[in-house]
Novice: 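Just dropping this structure here.
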Amino acid sequence: MLAYVYQADLYCEDCASKIKVHLGFSHEGQPEHNFDSGDYPKGPYPAGESDTPDHCGNCGVFLENSLTGDGEEYVKDSIRAGTGDPEVLATWKEFYSYLFPEEED
């Protein structure tokens with residue numbers, strides 16, 4: 001999934017679009033080095049590898065990012081312990097199903 005960076009957080013495309021409208025100005029078409037992500041959303045970029053699953057900083061939608069080795073351990077531990085929102089954990093388990101081969105039928 002594509003993500004935008006704005007004010008040190010990640011946003012889905014829908015929320016980034018809303019932020020852009022709310023700001024009331026546009027940097028569209030300008031080279032990204034001409035503005036800072038603290039002032040205006042940059043992207044879209046593929047959601048990159050992370051130590052945890054990434055979610056939109058506004059609506060919470062899962063950004064379907066890849067994980068580092070530490071991130072894979074975090075997801076496995078969280079799901080096995082049931083720590084967190086059950087819907088979020090189910091989403092992670094489905095997306096990162098390769099981490100749970102013993103549970104495949």
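Because the structure is a prediction, the values reported are computed rather than measured.
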Novice: Suppose we screen for side chain to side chain contact (heavy atoms under 4.5 Å, CB included). Which residues come up paired with Asp51, at least two apart in sequence or across chains?
Specialist: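 For Asp51, the residues satisfying side chain to side chain contact (heavy atoms under 4.5 Å, CB included) (neighbours in sequence not counted) are Thr68, Asp70.
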Novice: Got a second to check how far Leu67's CG is from Tyr74's OH, nearest 0.5 Å?
Specialist: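 Reported to 0.5 Å precision, the distance equals 10.5 Å.
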Novice: Answer yes or no: is there an ion pair linking Lys93 with Glu87, defined by an N-O contact shorter than 4.0 Å?
Specialist: no
Novice: With sequence neighbours excluded, tell me which residues meet salt bridge (charged side-chain N to carboxylate O under 4.0 Å, His left out) with Lys76.
Specialist: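 Residues passing salt bridge (charged side-chain N to carboxylate O under 4.0 Å, His left out) with Lys76: Glu73.
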Novice: Using 0.5 Å steps for rounding, measure from the CG atom of Asp14 to the CD1 atom of Ile19.
Specialist: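 The CD1 atom of Ile19 is 11.0 Å from CG of Asp14, to the nearest 0.5 Å.
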Novice: Within a strict 4.5 Å, meaning less than it, do heavy atoms of the Val88 and His55 side chains meet?
Specialist: yes
Novice: Side chains of Tyr4 and Lys42, heavy atoms from C-beta outward: is any pair under 4.5 Å?
Specialist: no
Novice: Linking I/L/V/M/F/W/Y whenever their side-chain heavy atoms sit closer than 4.5 Å, directly or via other members, would Tyr98 and Phe100 fall into one cluster?
Specialist: yes
Novice: Hey, what do you get for OG (Ser37) to CD (Gln7), rounding to the nearest 0.5 Å?
Specialist: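 Going from OG on Ser37 over to CD on Gln7, the span is 8.5 Å.
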Novice: Calculate, to the nearest 0.5 Å, the distance between atoms CG and OG1 belonging to Leu89 and Thr83 respectively.
Specialist: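 The CG atom of Leu89 sits 6.5 Å away from the OG1 atom of Thr83.
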Novice: Could you report the tightest heavy-atom contact between Pro41 and Tyr6, atom names first, then the distance?
Specialist: N-CD1, 3.5 Å
Novice: How many angstroms lie between atom OG of Ser17 and atom OH of Tyr11, to the nearest 0.5 angstrom?
Specialist: 13.5 Å
Novice: Answer yes or no: is there a donor N or O on one side and an acceptor on the other, between the side chain of Asn65 and the main chain of Pro46, under 3.5 Å?
Specialist: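 A pair under 3.5 Å: no.
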Novice: Taking atom NZ of Lys18 as the centre, report whether more than 12 heavy atoms of other residues, nucleotides or ligands fall under 6.0 Å from it.
Specialist: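 No.
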Novice: Nearest 0.5 Å, please: how far is CD in Glu72 from CD in Glu49?
Specialist: 8.5 Å
Novice: Looking at every non-hydrogen atom in both residues, tell me the closest pair between Cys15 and Asn58 and how far apart they are.
Specialist: SG-ND2, 3.2 Å
Novice: Between Tyr40 and Phe35, does the ring centre distance come in under 6.0 Å?
Specialist: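 Yes, close enough.
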Novice: For residues Leu2 and Pro44, report the shortest heavy-atom separation together with the two atoms involved.
Specialist: CB-CB, 3.8 Å
Novice: Taking transitive links into account, so neighbours of neighbours count too, which hydrophobic residues share a cluster with Leu63 at under 4.5 Å side-chain distance?
Specialist: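 The other cluster members (ILVMFWY side chains, heavy atoms under 4.5 Å, direct or chained) are Met1, Val5, Leu10, Tyr45, Val61.
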Novice: What's the verdict on salt bridge (charged side-chain N to carboxylate O under 4.0 Å, His left out) for Glu102 and Arg80, showing C-alpha distance, side-chain angles and the deciding distance?
Specialist: CA-CA 13 Å; Glu102 71 279 2; Arg80 289 186 177 131; 3.0 Å; yes
Novice: Which class fits the ring pair Phe95 and Phe62: parallel under 30°, tilted 30 to 60°, perpendicular over 60°?
Specialist: perpendicular
Novice: Check whether any side-chain heavy atom of Asp77 lies under 4.5 Å from a side-chain heavy atom of Val75, and answer yes or no.
Specialist: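 SC-SC contact between Asp77 and Val75 ruled out.
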